[in-house]
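By convention in this document, chain letters (A, B, ...) are assigned in the order of the sequence lines, proteins followed by strands, and residues within each chain are numbered from 1. Computed over heavy atoms, backbone and side chain alike; hydrogens, waters and symmetry mates excluded.
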4 protein chains.
Amino acid sequence: MTGEKKLTRREREKLRQKEEILDAALDLFCERGFQNVSMLEIAKKSEFAVGTLYKFFNDKEDLYRTLMLEQSNKFHEALNKAINETDNEIDKLKNFVKTKSRIFMENAKLIRLYFAETKGASYNIKAGLDKEIRDRHKKFLERIAKIFESGIKKGIFKNIAEPYHLAIALDGICNAFLFSWLENPEKNKFMEEGNYQFILNILFKGLINE
Amino acid sequence: MTGEKKLTRREREKLRQKEEILDAALDLFCERGFQNVSMLEIAKKSEFAVGTLYKFFNDKEDLYRTLMLEQSNKFHEALNKAINETDNEIDKLKNFVKTKSRIFMENAKLIRLYFAETKGASYNIKAGLDKEIRDRHKKFLERIAKIFESGIKKGIFKNIAEPYHLAIALDGICNAFLFSWLENPEKNKFMEEGNYQFILNILFKGLINE
Amino acid sequence: MTGEKKLTRREREKLRQKEEILDAALDLFCERGFQNVSMLEIAKKSEFAVGTLYKFFNDKEDLYRTLMLEQSNKFHEALNKAINETDNEIDKLKNFVKTKSRIFMENAKLIRLYFAETKGASYNIKAGLDKEIRDRHKKFLERIAKIFESGIKKGIFKNIAEPYHLAIALDGICNAFLFSWLENPEKNKFMEEGNYQFILNILFKGLINE
Amino acid sequence: MTGEKKLTRREREKLRQKEEILDAALDLFCERGFQNVSMLEIAKKSEFAVGTLYKFFNDKEDLYRTLMLEQSNKFHEALNKAINETDNEIDKLKNFVKTKSRIFMENAKLIRLYFAETKGASYNIKAGLDKEIRDRHKKFLERIAKIFESGIKKGIFKNIAEPYHLAIALDGICNAFLFSWLENPEKNKFMEEGNYQFILNILFKGLINE
DNA sequence: TATGAATGAGCGTTCATTCAT
DNA sequence: GATGAATGAACGCTCATTCAT
């Protein structure tokens, strides 16, 4: 699909500017949340005029929604890449946990914002940013479920629960540990190679067929 | 101490009014979040004048903090009761999951608010409501850890991970399933007796010593 | 006029209570001004209920007006006494300056409030407290003028200006020095016996070298 | 430096608008005092939106402080000019009294406000507007004192008191007469050429008949 | 009669959004 | 197209005053 790339110089310039705005907004929203950041601040930080922001986004919520979906995309791309790098089901899960851990640690503040919007209550956005992100997350969980399903078929995993439920469980355990680590002052040490492994152990001890 | 209960009629009246305000505020905050509810709305809904709200609470944040801590108390009391009703480790965990599930389903909207403040990013409250609630949660997880520890000692559980990690994992799996159910239109059927059991199974399959 | 004194116990009690309120209010108003003191604070300080204040005074302004007129009375009584203690014109003026100085130094904060209401702009009081106090002050200046007049007749003073103008001038010089001293950290030393004398000297000694 | 005058059209426009706001505020504050004027009223009167006021001033106090200092500047400039127009000490003092009288009569209401802030009690302004204005006034009095000092050296004046005290006295006599005139319905006649002269006479002629 | 809980108008201030330039 | 000055609705909060007890 080369057609998608055929942007005029003008269009490329606009996209670049839009990204600059989103970058500035990301920092500010992460630091202080949706409500405590003003359009003027985003304008100042991105070095555009306030009116210019409204050329790119309909309103503050549109800017925020775009930002969150973009970040969500980035994360899901990384996660999808992680589970597609190998054919081995166990390695796929290892890669998932490893990548999710990295994303958490590298984007701690954004992750909190992200959870406030999805797990937590999203009151910022009138029209369903939360739903969009949750649907995307659900689809990703289904991909994880496929890994379990395939692993069960191959006899790598015991059939202890429905694959989708296993996906939910794995994701939930990950989140639980990662949030626990986020609050831990020594969180960096958890990112040493191999340490995240033990998240899997809890699930695998009962799951793996030996 | 029966003396503590000896409130004058006036004091009882004040407490009742305070609860009425908190009730009204609970509904509104659950519906729209901290920032999108005005003191005037709380006043209108609770049928008091705006000024009266400030007789009971120093400011809007004080009202919110009081509300959240009160609800947090209620939940933790129920959970503590649940794990103290029996001496059997497996039953304790069952009761925990059962009670946590009930709380989730009965207070869905509040739970979202609660997560926005703790797991998610809390920008509403200047002085650490989030920390207070997280500390409380951590302490509760330590109680769950004790159950695992004691179960491991008795040989009921395999020693597959540190007790506190097991507590984090169990709590994380619960949250994951419960949020999944919250989004499910058929969520009520999950509350039928016994259904929540399979949350435990995922952990127990690898954990239980057979 | 013994009739005025025939107050019942009830009436005497009420007067005493009114004074207690005024005393409390005096301290607060001196410290923070009319606008920055609330009726609740006056109630707390005087140990009455807020509603009780409204039994004694129609509103906050009435309380303030009563207070200021009462203080104004006190000052004018002291000043009138001062100029009536002797028949000698020069001693009358000395006593006036001496007494006015004492009043300033002993009631510095109140004096400022008083000036804000009379010389300065009085926006606190809807209906002419300032006028009432200014009229009273004018009448007092006329008494001072009589002293100059009488002194001129007796040949004690040169007839350099109308007596009322001399009164204005003397009062103005006093105020100027007293305010200057109020701002001076060593103000207390000015109250040593005799020091105030030199306020008079400026008026008494001719300045121009002929 | 002509460069200082090189303001862009935009900057000149802004200055003009700021002055319009200050003009409107001056009228209102003079009429009703700081506390009894709302930002909405200033906005209405100056024909700007409330928000616009906050582009020019940080808050209500900033607006007030700016206004008072600006007026204070204007007065002190006029007074300094008056005492620098001639080298003759007596003429300097004449010019001072003449100019001060004119300022009083032309800005009667503002003068009251000004006195409420300096002589009277200033509770409006958190951070020392009163001190700033008083310091400025003190410095001006020192300039007047220099005139007396120089006049004494030249033998024009008798050395009847310290020069600074003479300055205080002259200023005080002026204020006393001017306030007296302010209250007089025929005040305008006092401004006829030469009439203010007799303020000086009181100081200049020796009073006591020896 | 004295109380103090309750009231609600009114304030200072903010900030998303618009639109003339 | 880009700008940023101008807007004004809406907020959190205060406090003089009232009135049921």
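Considering only side-chain atoms of C:Phe48, the nucleotide from E:dT3, E:dC11, E:dG8 that sits closest is E:dT3. Of the candidate nucleotides F:dT7, E:dA16, F:dC13, F:dC13 has the atom lying nearest to any side-chain atom of B:Val50. When each of F:dA16, E:dA9, E:dA6 is scored by its nearest atom to the side-chain atoms of C:Lys60, the top-ranked nucleotide is F:dA16. Counting only heavy atoms from C-beta on, C:Ala49 has its side chain closest to E:dT3 among F:dA6, E:dA6, E:dT3.
Computed from coordinates, the D:Asp59 CG to E:dT13 P distance equals 5 Å when rounded to whole Å. One can place CG of B:Asn58 at 9 Å from P of F:dT14, the figure rounded to the nearest angstrom. As a whole-Å value, the separation of B:Leu53 CG from F:dT14 P is 12 Å. Rounding to whole angstrom units, OH of residue B:Tyr54 and C1' of E:dT7 are separated by 15 Å. Here the C1' atom of nucleotide E:dT18 and the CG atom of A:Leu40 are 15 Å apart, to the nearest Å. Per the geometry, CG belonging to D:Asn36 stands 14 Å off C1' belonging to F:dA16, to the nearest Å. What separates CD of D:Glu47 from C1' of F:dA5 is a distance of 17 Å, to the nearest Å. For the pair B:Met39 CE and F:dA10 P, the computed distance is 19 Å after rounding to whole Å.
Counting any heavy atom pair closer than 4.0 Å across all strands shown, C:Lys55 reaches a base atom. At a threshold of 4.0 angstrom between heavy atoms, the contacts of C:Glu41 with the nucleic acid are absent. Residue D:Thr52 is classed as a base contact, given a heavy-atom separation below 4.0 Å to a base.
Within 6.0 Å of CD in D:Glu19 there are more than 12 heavy atoms belonging to other residues, nucleotides or ligands. In this structure, B:Glu47 places its CD atom where only 12 or fewer heavy-atom neighbours from other residues, nucleotides or ligands lie under 6.0 Å away.
For the pair D:Gly33 and D:Leu113, the tightest heavy-atom approach, listed with the atom from each and the gap, is CA-CD1, 4.1 Å.
Residues B:Gln35 and D:Phe56 each lie close to DNA chain F; by heavy-atom proximity, the contact nearer the 5' end of the strand is made by D:Phe56. Looking at which nucleotide of DNA chain E each of B:Glu13 and A:Val37 is closest to, the 5′-most match is held by B:Glu13.
Looking at D:Lys14 and D:Gln17, their side chains never bring a donor and an acceptor atom within 3.5 Å of each other.
Nucleotide F:dA20: paired with E:dT3 (Watson-Crick or G-U wobble, both distances less than 3.5 Å).
For D:Gln17 and F:dA6, the shortest distance from a side-chain N or O to OP1 or OP2 is below 4.0 Å.
Taking the ring centroids of D:Phe29 and D:Tyr64, they lie under the 6.0 Å cut-off.
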